[in-house]
Amino acid sequence: MNFLNELGIAEVNPGSCTGPGQWSNGTDAGVLSSYAPATGEIIASVYESTVTDYEAVLERSRSAFHEWRQVPAPRRGQLIRRLADALCTHQEALSGLIALESGKIKAEAQGEVQEMIDIAELAVGQSRMLYGCTMHSERPRHRLYEQWHPLGVVGVITAFNFPVAVWAWNAFIAAVAGNTVIWKPSPRTPLSAVAVQRLCNRVMEEAGYSGIFSLFVTRDNELAERLVRDRRVPLISFTGSTAVGRRVGEIVAARLGRSLLELSGNNAVIVDESADLDLAVRAIVFGAVGTAGQRCTSTRRLIVHESLYQTIVEHLIAAYRQIRIGLPLDPEVVMGPLISGEAVAAFSRALREAEESGGEVLYGGQVIEGLGNYVQPTLVRAQNHWPVVQRETFAPILYLMTFKEIEDAIAINNDAPQGLSSALFTNDLCRAERYLAAAGSDCGIANVNVGTSGAEIGGAFGGEKDTGGGREAGSDAWKCYMRRQTNTINWGTELPLAQGIRFGTGHRERVSRP
Ligand code: UN1
């Protein structure tokens, strides 16, 4: 395929790299093949990283940091601007590879690369706005202020569903902040990562840098854990399940490092009596079926006012009937495959469990036999407290339930261990405000008349409770990648102590230089 050539993807690719000309040639850890989830065919392979590769990556990244942190932040931003240009040039090819490797449809893959370009543009601007504030000192002739410094080497562990965009959210902001970045991508999507590393290499080379962006590919949990345990890596940004993220958080906390966790979601849409139903149905379908239900922001629970339940179900079924399922690169297709056979098995298990709990499948429910990991988008009448509904299953299953009063709908929304995204469809201002108030949605993202997925990069992205509490992308999320330093400068000749403390020995004679 042409786009593989354009991106420099060979049949077998090295899997660790710290910059131009710095690909490893280690082959001892074996080969990881990348399979197209739509057909089960091997696209290409990558040599997995050895411990020696990892150590080389870490050391080069550390020494690059010592140089990079001294480059003025606006100049660091210029490197990201060049990267944005490279991403624009190769947007088509890269989205082809992402679609092929992750199984998301081409339009969404293009959106993913667009998200990288967007965050790059934000990072360029941010590179001139790493503001610290100045405080008024309580002491005369004293200046009190804060400034922000980079942390060091930042480890970024990403998931298959956004194989490159989530890396970009972290990497571009971390880099303008003066950090260097080591990326461990999902072993399901190593080629997309290799392709992005190749683009980074080209841009680093043109700008005369190396080691700002590094990659190591592995499916070995022990090697991944080495990064998480590594005291030379002050921040670990992890995107993935709550189960794994909890472990990452514990390991990093035990060494008093920092972690930024983007974990499972269990996102609900509430449709109240006043909702614009047309808008609501379109948003629900995109939220539940987009990326085949494999976004952390996918809509998993639908809470409908009881008076509208029948109407909504009919419209959803009509819309679901029209969903074209097929090859991700086919422009007519709206839903691609799940990532793996295990994901298909998890889909079936969840449905069995829902049915055993008393759930009624209203649409879909079947695995589509044949090539690839295809399932039907599925609607299930369910109850919120069932364990299967409380859990995140990465599949296009939407659990439907009803409510009478808005307070009850909000309580259902919040009655889940996770707290990532949420949405209310309403044309009633008071209900909208009620939902957005402190006693409203408890999620990191709460939308009105906008679905749960497809957040813009300008806001801070992340969620509460079992979602892990991290915030990435826009707003002041850049602060997660920097350390704050408070500075007090005395420009006078007295030494007044804070809090008015007097600590005198009576010795007032000036000390003269010898
Ligand atoms: C994810 O699924 O890990 O809001 C990230 C969205 C995307 C990002 C999803 N911008 O759906």
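First listed ligand is number 1; within each ligand, the first listed atom is number 1. This structure is a prediction, so every number in the text was calculated from the model and none was measured.
- Taking a cut-off of under 4.0 Å to the non-hydrogen atoms of Arg295, the atoms of ligand 1 that pass are 2 (O), 6 (C), 7 (C), 11 (O).
- Surrounding CZ of Arg246 are at most 12 heavy atoms belonging to other residues, nucleotides or ligands under 6.0 Å away.
- From the protein, the heavy atom lying nearest to atom 4 (O) of ligand 1 is Ala455 N, 2.7 Å.
- For ligand 1, the atoms closer than 4.0 angstrom to any heavy atom of Asn161 are 1 (C), 2 (O), 3 (O).
- Looking at Ser453 next to ligand 1, no N or O pair under 3.5 Å apart turns up.
- Annotation: cation-pi pair Arg295/Phe394 absent, no NZ/CZ under 6.0 Å from the ring centroid and within 45° of its normal.
- For the pair Phe461 and ligand 1, the shortest N or O to N or O distance does not fall below 3.5 Å.
- The single protein non-hydrogen atom nearest to atom 10 (N) of ligand 1 is Glu115 OE2, 3.0 Å, given as residue, atom name and distance.
- For ligand 1, none of its N or O atoms has an N or O atom of Val166 under 3.5 Å away.
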Applying salt bridge (Lys or Arg N to Asp or Glu O under 4.0 Å) to Glu464 and Arg471, what does each step give before you reach the verdict? CA-CA 10 Å; Glu464 307 300 340; Arg471 289 297 185 279; 2.4 Å; yes

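- Looking at Trp169 against ligand 1, only its side chain comes within 4.0 Å, counting heavy atoms.
- Counting heavy atoms closer than 4.0 Å to ligand 1, residue Glu456 contributes nothing at all.
- The CZ atom of Arg198 lies 9.5 Å from the CG atom of Leu7; values are rounded to the nearest 0.5 Å.
- Side chain of Thr291 to backbone of Gly293: no donor-acceptor contact under 3.5 angstrom is found.
- When the options Tyr481, Tyr131, Trp478 are evaluated for a ring-ring contact (aromatic ring centres under 6.0 Å, His included) with Trp148, the one that passes is Trp478.
- Contact annotation for Thr291 and ligand 1: no heavy atom of the residue comes within less than 4.0 Å of the ligand.
- Residue Glu456 places its CD atom among 12 or fewer non-hydrogen atoms of other residues, nucleotides or ligands, all under 6.0 Å distant.
- The shortest N or O to N or O distance between Gly454 and ligand 1 is under 3.5 Å.
- Annotation: cation-pi geometry satisfied between Lys104 and Phe162 (NZ/CZ under 6.0 angstrom from ring centroid, within 45° of ring axis).
- Per-residue contacts place Phe162 under 4.0 angstrom from the following atoms of ligand 1 (heavy atoms of the residue considered): 1 (C), 2 (O), 5 (C), 7 (C), 8 (C), 9 (C).
- Of the candidates Gly290, Gly287, Ser421, Cys296, it is Cys296 that places a heavy atom closest to atom 1 (C) of ligand 1.
- Residue Gln294 has no N or O atom closer than 3.5 Å to an N or O atom of ligand 1.
- Given atom 11 (O) of ligand 1, the protein heavy atom at minimum distance is Thr297 OG1, 2.6 Å.
- Taking the six-membered ring where tryptophan is involved, the planes of Trp183 and Trp167 are essentially parallel, since the angle between them stays under 30° and well short of 60°.
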